[in-house]
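For reference, the structure discussed in these notes is given below.
Position 1 is the first residue of the sequence, and the numbers go up from there. Because only heavy atoms are used, hydrogens play no part in the values below, and waters and symmetry mates are left out as well, while side chains stay in.
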Amino acid sequence: MLKKSSNKNLNSAALVKLKEAAAENEKMVYALLETSEEGLSENTVKDRLKIYGKNEIATQKAPSWVKQFAHSFFNPFNYILACIAIISLFIDAILVPVGEKDFTTSIIISVMLLFSTVLRFIQEFRSNKAAEALKKMVKTSCLTKRKFNESEEIEITEIVPGDIIILSAGDMVPADCRILKSKDLFISESILTGEALPVEKNAFPIKDAQYRNPFGLQNICFMGTNVVSGSATVVVANTGIFTCFGSISRSLASKRPETAFDIGVNKVSYLLIRFMLIMTPIIFLINGLVKGDWMQALLFAIAVAVGLTPEMLPMIVTANLAKGAVNMSKKKVIVKRLNAIQNIGAMDILCTDKTGTLTLDKILLETHLNVRGIEDDEVLKWGYLNSFHQTGLKNLLDQAVLDHAEVHNLMRADELYQKVDEIPFDFERRRMSVILNTSKGKHLMICKGAVEEMLPLCQYALDPGEDRSLHIENDNSVPLDDLMKQQIIRMSEKLNAEGLRVLLIAIREFDGDHPLNYSVADETHLTLTGFMGFLDPAKPSAEPSIKALHKLGVEVKVVTGDNDIVAKKICHDVGIPINTIMLGDELEHMSDDELRKDMDLYSVFAKVSPLQK
């Protein structure tokens, strides 16, 4: 359920420490966290483990089988049946004459009660066991630097505040950390924010960090996120339940609210109990006073109590829920609590995330347009040469371009074009270039980057003309004047409005005798070739699923950390009607009552923080 929540839910002292670390330079960060460039000593680590505990988040651990079995019995109907069975057994054993004793009633009730309890226990015990087995399969370690030792792999549970961690591509961030040094660092925060594209991170101090949302701090990386590309040296600020991820996990691991099924069964049960508590004594008194045989009156009153109780109901309900759990297991769904099955069937509003749920969580090259806004394969060719020849780990956008393997064979990218130099990506330029030796003996620079960074560097544009093809050898370039720049900007904004991440591709030719030490200064007088638009597209299964939910009367609301433009695009693609969009900043200033009152007005909640989710 969407709940209005703020960053106040984070441990306040831990949050203050995190923001203080973000605001300071490297030297002051070491002092703040009481550590050094060499890391912590073993004795300090032991002391901090005692103070902060292991670097573990709060999770709902499966209880022992005894507790699970006892929990399977906890049900108002079971209480009634158990009481009736005990009273019946007491009467048959103590009050009924020896020759007339009959334990059939107590035996039958006890068997039904036991069957219902055992069936529920077996199903839930197996589900919990399967879930625990999955958890044990995953063990994570990280490269840690400590005093008097070389850097070594340590399980993340042994990490403490002040530890120096070395991160590289593919690593999971083990705690909330302040970045000390970084190189081309991109971190995927989709697990927290829902943002599909990785976020650029750096080591620069942020002076106004105390006034910012912690998830917007560029020099902080959070537990549970992972490094997509680049490398970094970080220092641990918070661990375990004091991390942002740990705070969220702690709230999720608290006692679960009762399901609609539990509430419904309890209401009926308590109604029957109240009815029995009134009717049974009245019938006992009336029958005893009229007939004068108080033993028979008691037996008759108990019979009435038994008659008012639907003895078969717990067994029938449990058997049906267990059958539903078995059917869902065939579709690879583990049901940990049987009562949750009915809750799914009873829902009328489904709140869903976007990234990885409605979308593929995979960036694809959606379009490649020339400067006239027309789909053009020539633009794809320039982009492919740039992505193919760049060194280092390819980011998600490069990988999306390289998925077009047909271009490789068509252009013979590794035969006709030999790389002679490269100007790597950096955070200030927000672009990268490769320089290739062409078959004509010239050097071809292909530059790719953000629109606002690339456009000022472009002096010309390749106009495809009527033949709609771009060939630099045709010299079909035209001056890139202010009017054309405005058209380029409008076209880029239009693509952004459709939820696309836009990059510009530009080229420049140099003579073959140009010195092989190209620099940023050479990224001028470029010729713009066109746009490349990237998108995390909707899953093919999302639209039919949404339609099926609508037919069942279930309203779907999207709760995402991504921006409202992308959310609107995906909602349109999967068939979710867009009423009004609420942003996380607006949600932050609403009370729970206001949110509850206005919930029906909104179909999309965008730029929502993990805690607000």
Thr239 to Ile159 - nearest heavy-atom pair and separation: CG2-O, 3.8 Å
Go through the structure and list residues passing salt bridge (charged side-chain N to carboxylate O under 4.0 Å, His left out) with Lys569, not counting sequence neighbours. Asp573
Shortest non-hydrogen contact from Glu586 toward Ile581: OE2-O, 4.5 Å
Phe531 meets the ring pair (Phe, Tyr, Trp, His ring centres under 6.0 Å) criterion, sequence neighbours left out, with none
Any non-hydrogen side-chain atom of Leu364 less than 4.5 Å from a side-chain atom of Phe534? no
I need the full list of ring-ring contact (aromatic ring centres under 6.0 Å, His included) pairs touching residues 480-511, with sequence neighbours left out, sorted by first then second residue. Phe510-His514, Phe510-Tyr518
Rounded to the nearest 0.5 Å, what separates atom CD in Glu378 from atom NE2 in His368? 11.0 Å
When rounded to the nearest 0.5 angstrom, what is the spacing between NZ in Lys485 and CG in Leu455? 5.5 Å
Please check if the distance between the ring centroids of Phe222 and Phe245 is under 6.0 Å. no
Salt bridge (charged side-chain N to carboxylate O under 4.0 Å, His left out) pairs touching residues 510-529, sequence neighbours excluded, are Arg429-Glu523, Arg431-Glu523
Sequence neighbours excluded, the answer for side-chain hydrogen bond (donor to acceptor under 3.5 Å, both in side chains) partners of Tyr602 is none
Return the CD1 to CZ distance between Ile220 and Arg178, rounded to the nearest 0.5 Å. 6.5 Å
Distance alone, cut at 3.5 Å: any donor-acceptor contact between the side chains of Asp376 and Asn370? yes
Is there a side-chain contact between Lys362 and Pro537 (heavy atoms, below 4.5 Å)? no
Considering only residues two or more places apart or on different chains, which pairs with a residue in residues 494-505 satisfy side-chain hydrogen bond (donor to acceptor under 3.5 Å, both in side chains)? none
